[in-house]
Student: 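The structure is given below, and queries will be raised subsequently.
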Amino acid sequence: MNIIIGGAMRTGKTLVADALSRRTGFPYLGTDSLILALRDCFPETAVAQKGKSFDELCEAFIPFLNRYLHHAGVAGRGSHIVEGHFIRPKDVSQLAANTSAVFFGYPEADPQEKLQQLKTYAAASSQEGGEVDEDEKLLKQINRWIDLSRDLRDQCNQFDILFVDTSHQDVSHCNSNMELLYRALGLNIKA
């Protein structure tokens with residue numbers, strides 16, 4: 001079984017994927033870092049060309065992901081957890097038959113509250129704080145992520161894929177959502 005964990009940026013996908021990997025023993029692949037590395041090292045590849053839209057990056061990435069899962073399965077490496085931003089619910093049907101998915105997003109989030117959450121997280125993890133102009137740039141990005149979350153939620157409804165709405169949660173939500181995730185994916189694991 002392969003498990004896809006997708007969604008908008010800053011929804012807790014990586015924390016959930018890491019926790020799920022530890023509980024199941026399944027290898028975990030974070031695709032966002034992979035795409036950025038491809039962009040840096042092989043800018044001519046379709047998967048990583050700068051200036052591509054989100055949809056174009058997703059469309060270029062899904063065949064790569066499908067081949068990765070195929071080769072990993074053929075090589076006997078069994079189940080995998082794949083997490084990342086560049087996967088859409090409508091693309092999951094193109095993946096191997098033994099693939100389940102869950103998507104995270106915050107379609108109803110208040111942009112100012114999300115900004116404060118991100119700033120609190122940055123301060124707690126010793127990341128640099130932002131100036132006012134950085135806040136304005138980040139607010140524009142947050143609004144794009146909220147729009148993406150709405151689109152992901154709609155696609156999940158259309159394709160009958162679990163969507164976890166984190167609009168009114170912070171990163172601590174990850175543990176509380178694990179039991180729901182285990183059941184939805186058909187895993188016999190207690191949180």
Side-chain angles (χ1 to χ4, degrees), residues 1-21 23-24 26-36 38-39 46-49 52-73 79-109 111 114 141-169 171 173-174 176-187 189:
M1 164 189 259
N2 297 308
I3 301 169
I4 304 298
I5 299 174
M9 304 293 275
R10 304 293 182 210
T11 55
K13 298 181 307 291
T14 302
L15 293 172
V16 169
D18 184 58
L20 190 58
S21 177
R23 296 289 289 176
T24 62
F26 296 175
Y28 156 56
L29 173 67
T31 62
D32 295 347
S33 297
L34 178 64
I35 287 176
L36 294 174
L38 286 168
R39 181 180 290 170
V47 171
Q49 288 177 341
K52 283 196 170 210
S53 71
F54 173 75
D55 284 330
E56 289 172 321
L57 286 170
C58 291
E59 289 165 9
F61 181 66
I62 204 69
F64 172 85
L65 179 57
N66 198 24
R67 297 309 301 161
Y68 168 81
L69 293 173
H70 169 77
H71 289 297
S79 302
H80 288 78
I81 296 168
V82 178
E83 172 268 323
H85 174 73
F86 297 103
I87 306 168
R88 301 169 300 183
K90 65 183 178 181
D91 297 325
V92 172
S93 65
Q94 297 178 42
L95 299 174
N98 63 340
T99 301
S100 295
V102 60
F103 286 81
F104 290 80
Y106 35 84
E108 306 305 324
K114 192 67 181 173
Q141 187 64 45
I142 289 169
N143 281 306
R144 285 192 294 269
W145 294 339
I146 291 171
D147 289 341
L148 173 64
S149 294
R150 291 176 181 143
D151 185 48
L152 292 173
R153 178 190 58 196
D154 293 346
Q155 285 185 43
C156 283
N157 288 335
Q158 180 182 357
F159 295 98
D160 198 28
I161 296 173
L162 176 64
F163 179 82
V164 178
D165 185 342
T166 63
S167 294
H168 305 291
Q169 300 174 340
V171 275
H173 80 276
C174 294
S176 64
N177 286 327
M178 292 309 289
E179 186 74 32
L180 167 71
L181 185 59
Y182 296 151
R183 282 195 315 269
L185 294 173
L187 299 171
I189 299 173

Student: If you apply the rule side chain to side chain contact (heavy atoms under 4.5 Å, CB included), what do you find for D91 with I4, and how did you get there?
Tutor: CA-CA 11 Å; D91 297 325; I4 304 298; over 6 Å; no
Student: Between F64 and F61, how do the two ring planes meet: parallel, tilted or perpendicular, split at 30° and 60°?
Tutor: tilted
Student: Hey, could you give me the CZ/CZ distance between F159 and F103, rounded to the nearest 0.5 Å?
Tutor: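 Spacing of CZ (F159) from CZ (F103) equals 10.5 Å.
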Student: How many angstroms lie between NZ in K13 and CZ in F104, if you round to the nearest 0.5 Å?
Tutor: 9.5 Å
Student: Applying the side chain to side chain contact (heavy atoms under 4.5 Å, CB included) test to V82, which of I87, L95, I5 qualifies?
Tutor: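 Considering I87, L95, I5, a side chain to side chain contact (heavy atoms under 4.5 Å, CB included) with V82 is found only for I87.
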Student: When rounded to the nearest 0.5 angstrom, what distance separates CD1 in I142 from CG in L148?
Tutor: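 Here the interatomic distance stands at 13.5 Å.
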Student: Decide side chain to side chain contact (heavy atoms under 4.5 Å, CB included) for Y106 and T11; before the verdict, give the C-alpha distance in whole Å, the side-chain angles of both, and the deciding distance to 0.1 Å.
Tutor: CA-CA 7 Å; Y106 35 84; T11 55; 3.2 Å; yes
Student: Which distance, rounded to the nearest 0.5 Å, do you find between the CZ of R10 and the NZ of K114?
Tutor: 9.5 Å
Student: Do E83 and D32 have side-chain heavy atoms sitting under 4.5 Å apart?
Tutor: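 Result yes, sub-4.5 Å side-chain heavy-atom pair found.
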Student: How long is the gap from OG on S21 to NE2 on H80, to the nearest 0.5 Å?
Tutor: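 Going from the OG atom of S21 to the NE2 atom of H80 covers 10.0 Å.
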Student: Could you pull out the closest heavy-atom pair between G84 and T31, with the gap in Å?
Tutor: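 Nearest heavy atoms, G84 then T31: CA-OG1, 3.3 Å.
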Student: Kindly determine whether Q155 and D151 satisfy side chain to side chain donor-acceptor pair (under 3.5 Å), including the steps that lead there.
Tutor: CA-CA 6 Å; Q155 285 185 43; D151 185 48; 3.0 Å; yes
Student: Any chance you could measure F163, atom CZ, to N157, atom CG, to the nearest 0.5 Å?
Tutor: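 These two atoms lie 8.5 Å from each other.
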Student: Would the distance check show the side chain of N66 and the main-chain N or O of Q94 forming a donor-acceptor pair, the cut-off being under 3.5 Å?
Tutor: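 Confirmed, N66 side chain pairs with Q94 backbone.
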Student: Might you point out which heavy atoms bring P89 and L152 nearest each other, and give the distance in Å?
Tutor: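 Scanning both residues completely, I find the closest heavy atoms to be CD-CD2, 3.4 Å.
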Student: Do NZ/NE/NH1/NH2 and the carboxylate oxygens of D147 and R144 come within less than 4.0 Å?
Tutor: no
Student: Say whether, by atom type as modelled, one donor and one acceptor occur between the side chain of S149 and the main chain of W145 under 3.5 angstrom.
Tutor: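 Yes; at least one donor-acceptor contact below 3.5 Å.
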Student: Between D55 and R88 (salt bridge meaning N to carboxylate O under 4.0 Å), is one present in this structure?
Tutor: yes
Student: Considering residues at least two apart in sequence or located in another chain, which fulfil the side-chain contact (heavy atoms from CB on, under 4.5 Å) criterion with M1?
Tutor: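 Only I3, S79, S100, L187 meet the side-chain contact (heavy atoms from CB on, under 4.5 Å) criterion with M1.
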Student: In plain terms, say whether K52 and E59 are close enough for a salt bridge, that is, a side-chain N and a carboxylate O under 4.0 Å apart.
Tutor: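 Looking at K52 and E59, the cut-off is not met.
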Student: Which residue is it: I81, L69, L65? I am looking for the one with a side chain to side chain contact (heavy atoms under 4.5 Å, CB included) to N2.
Tutor: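 Testing each of I81, L69, L65 against N2, the sole residue satisfying side chain to side chain contact (heavy atoms under 4.5 Å, CB included) is L69.
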